[in-house]
Amino acid sequence: MSVAEQSIAGAEARGHGFLASSVGRKVVMAATGIILFGFVTVHMIGNTQAYLGAEGFNAYAKFLHSMLHGAGIWIFRAVLLTAVGLHIWAAVTLTLDNQAARPVGYRAQQSIASTWASRTMRWSGVILAVFIVYHLLHLTTGTVHPNFDHTNPYANFVSGFKVPLAAGFYIVAQLCLGLHMWHGVWSVTQSLGLAHPRYDSLRRSFATGLTLLVVGVNITFPIAVLTGFIH
Ligand code: HEM
């Protein structure tokens with residue numbers, strides 16, 4: 001089967017229409033990426049309540065769980081889960097289509113910047129997916145937490161990060177989040193039509209500034225516990 005026939009067969013297998021097209025799936029990636037990016041930024045700001053101590057942090061956690069009489073967190077979870085699912089689906093199918101359209105692969109050109117960026121997106125994305133599952137089992141359900149207390153999110157936060165291996169994994173995952181976010185913000189601003197020499201330094205500063213802020217603050221949490229600053 002020729003390359004063109006393989007691409008058409010791939011689109012037919014998924015059905016016709018906007019979502020079957022690679023442009024449609026890139027729009028899905030960008031839109032869900034913006035939602036997830038908004039979430040990690042707000043989540044980082046929310047977690048800074050840990051610096052206020054047990055009372056402030058637990059009050060914040062209680063507020064999250066009681067929004068709209070308890071329905072708010074479930075609406076928010078549904079949106080987040082859908083966004084993560086669609087983001088991964090678009091990434092996997094676009095990658096498979098690219099591979100099908102390039103069965104021989106590049107040799108000399110393999111080190112070009114765009115290839116490096118997309119390879120980084122793949123492995124940082126996989127590590128982030130593993131991290132999210134671990135993180136939910138750790139601080140939301142408590143399944144893999146050494147001494148989880150459903151009534152005390154602050155104590156879970158502190159005793160969770162006292163385990164060096166867990167704290168280390170959080171730090172590595174935040175570095176992956178940084179790479180993923182940086183390339184994501186860079187490429188979404190390109191998709192929005194801002195890829196122009198006049199805007200490139202602004203795009204680079206925006207991507208770098210936001211990534212450093214979210215990742216930098218997130219990394220302080222496990223470090224603050226390990227050093228005894230948060231206790
Ligand atoms: C060091 C960084 C982070 C810390 C300290 C942290 C802390 C927490 C805590 C304490 C909770 C439980 C809130 C509660 O149920 O009361 C939570 C939930 C959650 N976190 Fe994080 N988080 C971090 C990074 C991340 C990142 C990078 C992501 C996503 C990529 C993420 C995704 C989530 C999700 C999806 C929930 C579940 C929200 C829910 O439905 O209850 N977190 N986090």
Side-chain angles (χ1 to χ4, degrees), residues 32-68 70-85 87-88 91 121 124-185 210-227 229-231:
T32 53
I34 290 171
I35 293 174
L36 296 171
F37 171 72
F39 166 72
V40 289
T41 308
V42 172
H43 192 42
M44 173 276 288
I45 295 170
N47 282 329
T48 57
Q49 304 292 312
Y51 288 109
L52 300 179
E55 214 174 304
F57 191 79
N58 285 345
Y60 162 68
K62 200 168 176 186
F63 160 74
L64 290 182
H65 288 265
S66 58
M67 285 180 304
L68 298 175
I73 190 143
W74 289 102
I75 296 170
F76 161 80
R77 282 172 175 163
V79 170
L80 213 54
L81 195 67
T82 309
V84 170
H87 198 75
I88 294 175
M121 287 310 261
S124 60
V126 169
I127 297 174
L128 277 177
V130 173
F131 165 76
I132 292 170
V133 173
Y134 169 75
H135 181 47
L136 292 178
L137 295 174
H138 188 223
L139 289 178
T140 299
T141 65
T143 321
V144 298
H145 193 284
N147 42 355
F148 196 76
D149 175 354
H150 283 280
T151 64
N152 196 344
Y154 182 79
N156 298 334
F157 180 104
V158 176
S159 57
F161 288 141
K162 271 194 181 147
V163 178
L165 204 58
F169 182 44
Y170 269 81
I171 293 172
V172 170
Q174 302 316 304
L175 297 176
C176 291
L177 176 69
L179 274 177
H180 206 82
M181 265 180 68
W182 195 90
H183 286 305
V185 174
L210 278 178
T211 304
L212 283 180
L213 180 72
V214 172
V215 171
V217 173
N218 273 354
I219 284 180
T220 68
F221 300 125
I223 292 177
V225 172
L226 283 178
T227 54
F229 187 74
I230 291 183
H231 53 270

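Just so you know, ligand 1 is whichever comes first in the structure, and atom 1 is the first atom listed for that ligand. Just the heavy atoms: all of them, side chains too, but no hydrogens, waters or symmetry mates, feed the values below.
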*Parallel, tilted or perpendicular: which fits the ring planes of H135 and F131, with parallel below 30° and perpendicular above 60°?*
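Taking F131 first and then H135, their aromatic rings lie parallel (interplane angle under 30°).
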_Check the orientation of Y170 and F161. Use parallel for under 30°, tilted for 30 to 60°, and perpendicular for over 60°._
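Perpendicular: the ring planes of Y170 and F161 meet at over 60°.
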Quick one: which ligand 1 atoms are inside 4.0 Å of a heavy atom on [X]?
X	value
F157	5 (C)
A61	16 (O)
F39	31 (C), 32 (C), 33 (C), 34 (C), 35 (C)
L136	34 (C), 35 (C), 36 (C), 37 (C)
L80	35 (C)
F57	10 (C)
L177	27 (C)

How does [X] reach ligand 1, if at all, at less than 4.0 Å between non-hydrogen atoms: by side chain, backbone, both, or neither?
X	answer
N156	neither
V40	side chain
F161	side chain
L64	neither
I219	neither
I73	side chain
W74	neither

*What's the verdict on side chain to side chain contact (heavy atoms under 4.5 Å, CB included) for T32 and V84, showing C-alpha distance, side-chain angles and the deciding distance?*
CA-CA 7 Å; T32 53; V84 170; over 6 Å; no
With side chains defined as the heavy atoms from C-beta onward, is the minimum distance between [X] and [Y] less than 4.5 Å?
X	Y	answer
V225	F221	no
L179	T211	no
L52	Y60	no
T143	L136	no
N47	V217	no

Exercise: identify the closest heavy-atom pair between [X] and [Y]:
X	Y	result
V215	L177	CG2-C, 4.3 Å
T140	F148	O-CZ, 3.6 Å
M121	H183	SD-CB, 3.3 Å
V163	P146	CG2-CG, 4.0 Å
L226	A167	CD1-CB, 3.7 Å

*Is at least one protein non-hydrogen atom found at under 4.0 angstrom from atom 34 (C) of ligand 1?*
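Within 4.0 Å: yes, protein heavy atom nearby.
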_4.0 Å heavy-atom contact, M44 with ligand 1_ =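 It does not, in that no heavy atom of M44 comes within the 4.0 Å cut-off of ligand 1.
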*asked:* Check this for me - ligand 1, R77, N or O atoms closer than 3.5 angstrom, yes or no?
replied: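 Yes, there is a polar N/O contact under 3.5 Å.
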*Tally of protein N/O/S atoms under 2.8 Å from atom 21 (Fe) of ligand 1?*
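For atom 21 (Fe) of ligand 1, the figure is 2.
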*Selection residues 154-167 - residue pairs positive for side chain to side chain donor-acceptor pair (under 3.5 Å), sequence neighbours left out*: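 Listed once each, the pairs are N147-S159.
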